[in-house]
There are 2 protein chains.
Amino acid sequence: MTKPRINTMGELSVAIGVSRPTLSRFFQDPNRVKAATVKRIEAGLERVEYVPNFFATRLNRKSTGIIGVIIPYLNDLFFTKLLEQIEKAAMTAGYTVISQCSHSDPAIEARAARTFMSMSVDGALVAPLGNQSDTVVHERLRTRLPFVLVDSRPKTMPNVEYVGTDHDQSTGLIIDYLCRVGAPPVFLAMPRVNFNAVQHENAYCARMQSLGFEPKVIGTESVNDQGHYEAHGEAVLDGYFSRGVFTDRSILCANDRVGIGALRAAARHGLVPGRSRRGGLRIAGHDDYPLCPFTTPALTTVAQDFEAIGNAAVSRLVEIINGAVTDPTNPQVQLFDGVLKLRESA
Amino acid sequence: MTKPRINTMGELSVAIGVSRPTLSRFFQDPNRVKAATVKRIEAGLERVEYVPNFFATRLNRKSTGIIGVIIPYLNDLFFTKLLEQIEKAAMTAGYTVISQCSHSDPAIEARAARTFMSMSVDGALVAPLGNQSDTVVHERLRTRLPFVLVDSRPKTMPNVEYVGTDHDQSTGLIIDYLCRVGAPPVFLAMPRVNFNAVQHENAYCARMQSLGFEPKVIGTESVNDQGHYEAHGEAVLDGYFSRGVFTDRSILCANDRVGIGALRAAARHGLVPGRSRRGGLRIAGHDDYPLCPFTTPALTTVAQDFEAIGNAAVSRLVEIINGAVTDPTNPQVQLFDGVLKLRESA
DNA sequence: ACGTCAGTTTTACACGTGTAAAAGGGAGGA
DNA sequence: TCCTCCCTTTTACACGTGTAAAACTGACGT
């Protein structure tokens, strides 16, 4: 019933009467072997069970065919969607993806980087942890192998290839909309755990000033557990609403998860944000978190183009792997536009 | 500035004057080397940059120290939380986790399984895709290496070790509550993509009958894109609510993501589910999806014990890796109780 | 001075495959 | 029949480390 198990290519070669190097070539690319031989090998593989040893194949190749990916959190659909897209793009490009999660811990992030170096991955795609990331680790990664940063870029490493969203554009888009339809927005920030947080904040302030409005940022003071954005948004706004503050303002949230918390705070205080209510409370987010269409009211936001970012990151990395020259003093930066998603909350 | 890079243990051994086998032992466990020598090695490592080659170390070890984990979806916080817990537990136990996602595709799931076999992982933890999973692949995995199923267990493989939630208990818990406080619930199912879906449904029917009520299951008919549970829940209930049906009933959703869609459908029809409204609409879910506290109204649900499940799965797998005997005719099954989370929606 | 012993080095081989160069084999054309 | 050419096989070596057994080293106690 169960096929006989064969462990090495050598045994396999005697079992089906083809030389071992021919098998080696077959498993790397069947086109490098005569069609008739391919048939014979495939027929042989029907009769026995054999999988080439992953480590042995990688040990002595010039290219491992592996792309390493590091994401900061696993409990955030933003990053899992990004990872999903990256995995699909990499698979299409013929690469195997090994993904690691930093779990909010710089030590784990550093360990993952070391693992990638020790695996001689062909390249690495990293969504950094944020302020606490060990810059030295990233720097070592950059100098040793093809390396592209995704989603957020530390100011401390301006010499790295980068793919992400144009936050000036995307934040500007939603601010313009909010200002056009009603009062200029307050910015509900998130704890400054990563560079996007600061970048968002800065983009908001710049745009407000260029429009001639006074920027107003709230929510930076709260020291929250990492990653609990919803709780943060709710707690901050609950505080203001309790004092009757901002109950009739536009509130732009740093991201949708903060926005979901904001919606919750509004509901708790009997407030219903929405663009239909003139002069009333309006709440908007950023990212187009997958759950936005299902909140009550549905959250108006700016969509990041996960798909484009994932694809661009992979294809740029593959370019570099294939020998594209990168200039550390002038790295390629690809920024994608956000798209306004008008729903109910603003 | 940058330390000289050393690629092999051999070079390292001449660089710091310690024999290569001693270095080998050092990198596996410093305790196997004299303290004075450890100091000398560590001092040497300060001066040069060296990481042992991942593949070479794994190639010839009796144990690779790797646990392979397969989860079905990445865009579902349920599975990412589970994976997070598994990774932490495995790390504590001294194992490296390689995780792969099936992306709703049995072919990818099978490929991941093959990868694990070719990596000679010490053991595998699998949350199966569901009905479409290739049972043959799982069976081959089971016979070749320590193997524990998590979250959902195909009826077609009753001979596998399993860790999950006791759905009879958890579903019973919420049904009892709903019946105690109001009318017996209708069950809003999800498309039957995995075994838990069916299991939930069966648990619901059994409990209802034992309580003397007529079970009523809706939502199985809809053929939805996989993984879009919220949209499914919303679409199904929107259909009923449009016809004025079930607007005053208790609705038990197969999981919280379906429940979030259900809440959305209610809001769209101006309905506010909640336990405070006597005889009115009530909506409950299952799992304790992280966003439940932040929906409007907050979703009442039954919490699965992610942490316990993740820990138990890892520690059981490690037991088997360390030689615990498993009896295929009587595999160990660990079921954890759900905990009622009373919030606002029911 | 001798034996003992623990820690270390040496030696030798193994892991399973990649790869390059040389040698072999069969089909086709002259 | 012979030559040519394309595949394939053979041969030989390489990848970087694990591991077991034997030989070695130095400190210690008698």
B:Ser315/B:Glu319 under side chain to side chain donor-acceptor pair (under 3.5 Å): CA gap, chis, key distance, verdict: CA-CA 6 Å; B:Ser315 67; B:Glu319 274 180 29; 5.1 Å; no
Worked verdict on A:Asp122 versus A:Ser63 for side chain to side chain donor-acceptor pair (under 3.5 Å): CA-CA 6 Å; A:Asp122 286 345; A:Ser63 156; 2.7 Å; yes
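In this model, the phosphate group of D:dG16 is not approached by any side-chain N or O of B:Thr57 to a distance below 4.0 Å at OP1 or OP2. At the phosphate of D:dT17, neither OP1 nor OP2 sits under 4.0 Å from any side-chain N or O atom of B:Gln28. Checking the phosphate oxygens (OP1, OP2) of D:dT9, no side-chain nitrogen or oxygen of A:Lys34 falls inside 4.0 Å. Dashed line: the shortest gap from a side-chain N or O of B:Thr22 to OP1 or OP2 of C:dT9 is under 4.0 Å. Taking only side-chain nitrogens and oxygens, B:Tyr50 comes nearer than 4.0 Å to OP1 or OP2 of D:dT17.
Comparing C:dG16, D:dT8, D:dT9 by their nearest atom to the side chain of A:Ala56 picks out C:dG16. For B:Lys62, the side-chain atoms get nearest to D:dT19 when compared with the rest of D:dT9, D:dG16, D:dT19. Closest approach to the A:Pro21 side chain among C:dG18, D:dT17, D:dT11 is made by D:dT11 (side chain taken as heavy atoms from C-beta onward). The nucleotide whose nearest atom lies closest to any side-chain atom of A:Thr37 is, among D:dG16, C:dT9, D:dT8, D:dT8.
Neither side chain, A:Asn53 nor B:Ser118, offers a donor N or O lying under 3.5 Å from an acceptor on the other. B:Thr80 and B:Glu84 share no side-chain donor-acceptor pair at under 3.5 Å.
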